[in-house]
Each structure stands twice: as structure tokens, then as C-alpha cells.
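First comes the structure, then the notes that go with it.
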Amino acid sequence: MADHNVDLFVIGAGSGGVRAARIASSYGARVMIAEEYRVGGTCVIRGCVPKKLLVYASRFSDEFEDAAGYGWSVGKREFDWATLIANKDREIARLEAAYTTTLERYNVEIAKSRAVLEDAHTVRLATGARIRAETILIATGARPHHGTPIAGENHVISSNEAFHLKELPKRILIQGGGYIAVEFAGIFNGLGCDVTLVYRGENILRGFDDDVREHLMHELGLRGIRILTRKIVKAVEKVDHGFDICLSDNEQIIVDLAMFATGRRPNTDKLGLEGVGVKISERNGIMVDAYSRTSVPNIYAVGDVTDRINLTPVAIREGHAFADTVFGGKPTAVDHTKVPTAVFSEPEVGVIGLTEKQAIEQLGKIDVYKTSFRPMKATLSGRDTRVFMKLVVDGNTDKILGCHIVGPDAAELIQVVGIAVTMGATKADFDATMAVHPTAAEELVTMREKAMSYGRAAAE
Ligand SMILES: Cc1cc2nc3c(=O)[nH]c(=O)nc-3n(C[C@H](O)[C@H](O)[C@H](O)COP(=O)(O)OP(=O)(O)OC[C@H]3O[C@@H](n4cnc5c(N)ncnc54)[C@H](O)[C@@H]3O)c2cc1C
């Protein structure tokens, strides 16, 4: 017998779950949400938000250095990690409370508990309480995954622990080549640590445009980040003053801390999914249709647990679309193409749409425009850095298929470029847009010379 009946039970109060619960409730559904850790989920508690705060902290060192060329003399600089972490924790607690208040304002009942499926309509809480729900939404997110176990792995931290270190390490080794690894490399580098990035592939940021990857790798090198590719960490041993890291080529590196950012795994284990027939993929993600419905008709899943595009705005959009579909009478499928995204490395990366390689494979006839230049601020500061921009254009329709930026404020830029690209802007539209001078962004509307053309007959 269920102790309680609801229209919707949401498992996981992160980006996707909170949005879905709130919108479903606004349509009149009785909603309950379970959270086993902290309301807000990964993004708010140990993802995007605390990460961006640490990125801000790490960037002051450049500002102090660059100021000299502009006539400023900055006195002795000191950085206190404990102050940063305490202030960050206060802000995260404030946001968690704000999320809780929002849910309460929308009459969503919150169960601070782990929840698992007992059958297709029943959820069980840690207390043993059973809740019967017409519809169940799984929004349990993902967690760091270290891959094949190695000796001494218990000494290695993930991004979860990086937000709560007691002290700032002097020397850190980060394994991974994805955006989280690259971002933390930038954070620790900016805060003055000696950073080694180890990645098993040929180049960092797999899946991004090759020019972006090349450019960023070069820029990280200029900043003193040591990047070791085609290697992996074989073993980690605790020694007197830190950890002895043994790499696959037997190189040994002594560091104060080792962090792995080698991927994330959907939280599908021990949820009771198999028992009720919810299908999961080889990569452990819950399989869903365009409306986020699983193989069991009344069970839906959104966000990272579905392993589609693992980003906060995507999880939010999926949660909202689910609520519109099931409780709002407006069947809504989320468009997963043209998702703008950023890497908060130093320098930043902002991208939307197809890479050059993808465009060639998918369309054949494409034009590529690209530019690389020294940003104006670097002239007086003397900083050795360049901005990179690239447009991938459909050779038949002139539509912008992809835009790729590496440089200051690339994340902010790509959000705005994203509007134009989503609306179907053409290269001619970009050319017709008046430049804003002097900016770096004006290069986006003043690139005239094709760097490459693919798929055209020689005579064209
Ligand atoms: C270090 C880091 C940086 C990131 N930076 C960015 C960024 O800059 N931009 C961006 O867009 N994305 C970023 N992301 C990704 C983003 O955080 C996720 O895509 C987003 O949080 C996914 O939302 P979600 O609702 O699917 O899951 P989550 O936000 O992970 O929420 C899932 C919730 O479910 C809870 N839960 C799990 N199992 C159960 C259970 N059985 N019972 C009850 N509760 C349960 C978890 O405790 C968690 O709170 C980052 C992630 C990390 C790790």
C-alpha cells in the first residue's frame, strides 16, 4: 500500500528535475521530488556555478600582470584559498535555499532522501515510505567516473572534491582532456599552481573543431600548463611529500594532488530500473524518445542521466518540455542541434554548430572563414596570446553551420551568435551587420577571405 499518492514523482532535484517539477505543478499536478544530496544538483552545488566562481578567482592574476603595461603598479599580491572556498560555499548555500524556496512556492513537496523504483508506479524512499505516482521522472544526473581502476586510485580526487580542498596544492596533475579537465587546469594555473595535464588522446577537447583544439592547446602551453598527450596515469603512490605518479611510459611525476576528470557516468545504478523494464544504453544512460519517454510508458527521464547533451540548459529545456508534454497538453520535443556551449578555460572557448570536419562529412560543399589575431588589450600588456575565430558556411545555402571562438569572453559572444545561427543567419547576414569598433567580435562580421572551400568543382 502506498503511503501517499501524487501525479508526478521526480527523482533528483537538479537542473532538469527542479524545472520539470515546478512547471508540472504550475499546470495543476500534485508533485513530489526526492533529493539524496543537496537541492540544486550538480550545476549549483558542484558544477557550473562553483566552477565559474573559481574561474573568476583564477583570472585576477592575469589582470594584475597585465595592469603594469597600462601604468599601474600593483603591490604585493596574496591569495587565500580558504577565503575563496568559504565565500563560494556561502553563495552555494544561498542558491540551494533559493531553489528550495522556489519549489515550496510552487507547492512541490520535497523529500530529502534517496528514492528508488519499486514498480512502474511506486517509488520507495530511504525511510521505507512508498509513494504511488501516475508519472515518474528520473532526473538523477551523472557522477565522475575514473575508468579502469589503477593502483592508488583512492588517493585521486574528482571535481567533486576539488571544490572542498583544505588547501591549494602547489603541484597538481590532472588527468583528462574534456572541458572539466581543461577548466580546472586553468583554475589551478591561474591561482599559481604548477599544473600537468595528462591525456590519453592526441589532443584535448575531443569533439571540438580541430583548429579550436590546436589553438587552445598552444595557448595553455604559453601559460605554463604542461600538457602530456598519449599517456595515462598507471599508478599513484603516496610518498613523503605528496604523490608519486607513474605514467604509462614510466615517467614519474611528484605532485601534491592528483585529480581525474576522465568522464561522467549516468546515475542509473541501483535505481530499480531493470526490475520495471526501463532500458539503458551501453554507456549506462536511460534510453528515451524525442519526448524523453523511456521504454516504460509512464516513466520519463531528462538531463545527464539520459546521456544526450550533458549541459545544464539542455537538462532544463528537457525538463520543461517534459512538463509541457505530459501536464500542459503541449507535446514538445527538444531540438538538440545547434546547442551553443562554452569551455571556461583560459582563454575561453565558445562554439555552436558543426565543426569543419562534421560539415564536410554531412554536406560536402562548404566554405570556411577563419582569423587569428592579437587582442588589442595584449598590445600594451605584452601578453603573448591570440584570439581565434572560425565560421563554417554551407556552400549551397550560405547559412552559418558553425561558429568557433577561442579568446576573451568567447562564452558571452557565442550566446549572442547563437541567436543568429538558430534563426538561420547566412554569411551574407553576418557581412551586412555593421561592425562594433574596436572590438574582437567585429572580426566575426568582417571576415571576407575564404580560408577553404570544399566540394566545389575546380572551375567554380
Ligand atoms: C565540474 C562541472 C562543471 C560543469 N560546468 C558546466 C557548465 O559550465 N555549463 C553547463 O551547461 N553544464 C556544466 N556542467 C554540467 C551540468 O552540471 C549538468 O549537465 C547538469 O547539472 C545536469 O542536470 P541534471 O538535472 O541532469 O542532473 P544533476 O544536476 O546532476 O541533478 C541530479 C540530482 O539527482 C540526485 N540524485 C541522484 N540519484 C538520486 C536518487 N536515487 N534519489 C534522489 N536523488 C538522487 C543527485 O544528488 C543530484 O542532485 C558541469 C558539470 C560539472 C561536474
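All of these numbers come straight from a predicted model, not from anything done at the bench. Whatever order the structure lists ligands and atoms in, that order sets their numbers, starting from 1. In this chain, numbering begins with 1 at the start of the sequence shown.
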* To do: Please confirm whether Glu35 comes within less than 3.5 Å of ligand 1 when only nitrogen or oxygen atoms on both sides are compared.
  => yes
* Going by distance only, is there an N or O of Glu183 that falls short of 3.5 Å from an N or O of ligand 1? -> no
* **Per atom 37 (C) of ligand 1, closest listed option by heavy atom (Thr306, Thr140, Val49)** => Thr140
* Asked: Between Phe184 and ligand 1, is there a nitrogen or oxygen pair with a distance under 3.5 Å?
  -> no
* To do: Assess whether salt bridge (Lys or Arg N to Asp or Glu O under 4.0 Å) is satisfied between Lys377 and Glu63, documenting all intermediate values.
  => CA-CA 11 Å; Lys377 190 176 171 193; Glu63 294 295 322; 3.1 Å; yes
* Asked: Where on Ile180 is there a heavy atom closer than 4.0 Å to ligand 1, on the side chain, on the backbone, on both, or on neither?
  -> side chain
* To do: For Ala34, take its heavy atoms, then give the atoms of ligand 1 lying under 4.0 Å from any of them.
  => 43 (C), 44 (N)
* Structure fact -> Taking every heavy atom of Ser295 against every heavy atom of Gly277, the minimum-distance pair comes out as OG-O, 2.9 Å
* To do: Say whether Arg46, considering both its backbone and side-chain N or O atoms, lies within less than 3.5 Å of an N or O atom on ligand 1.
  => no
* To do: Using ring-ring contact (aromatic ring centres under 6.0 Å, His included) as the criterion, list what pairs up with Phe184, not counting sequence neighbours.
  => Phe163
* Does Asp304 reach ligand 1 with a nitrogen or oxygen that is under 3.5 Å from one of the ligand's nitrogen or oxygen atoms? -> yes
For residues 329-345, dump all side-chain donor-acceptor pairs below 3.5 Å to protein atoms at least two apart in sequence or in another chain.
residue: Lys330; atom: NZ; partner: Tyr27; partner atom: OH; Å: 3.2
residue: Thr332; atom: OG1; partner: Lys330; partner atom: O; Å: 2.7
residue: Asp335; atom: OD1; partner: Thr337; partner atom: N; Å: 2.9
residue: Asp335; atom: OD1; partner: Thr337; partner atom: OG1; Å: 2.6
residue: Asp335; atom: OD2; partner: Thr337; partner atom: OG1; Å: 3.3
residue: His336; atom: ND1; partner: Val334; partner atom: O; Å: 3.3
residue: His336; atom: NE2; partner: Glu318; partner atom: OE2; Å: 2.7
residue: Ser345; atom: OG; partner: Pro347; partner atom: O; Å: 2.7

* Going by distance alone, is a donor N or O of one side chain under 3.5 Å from an acceptor N or O of the other, for Thr385 and Arg383? -> no
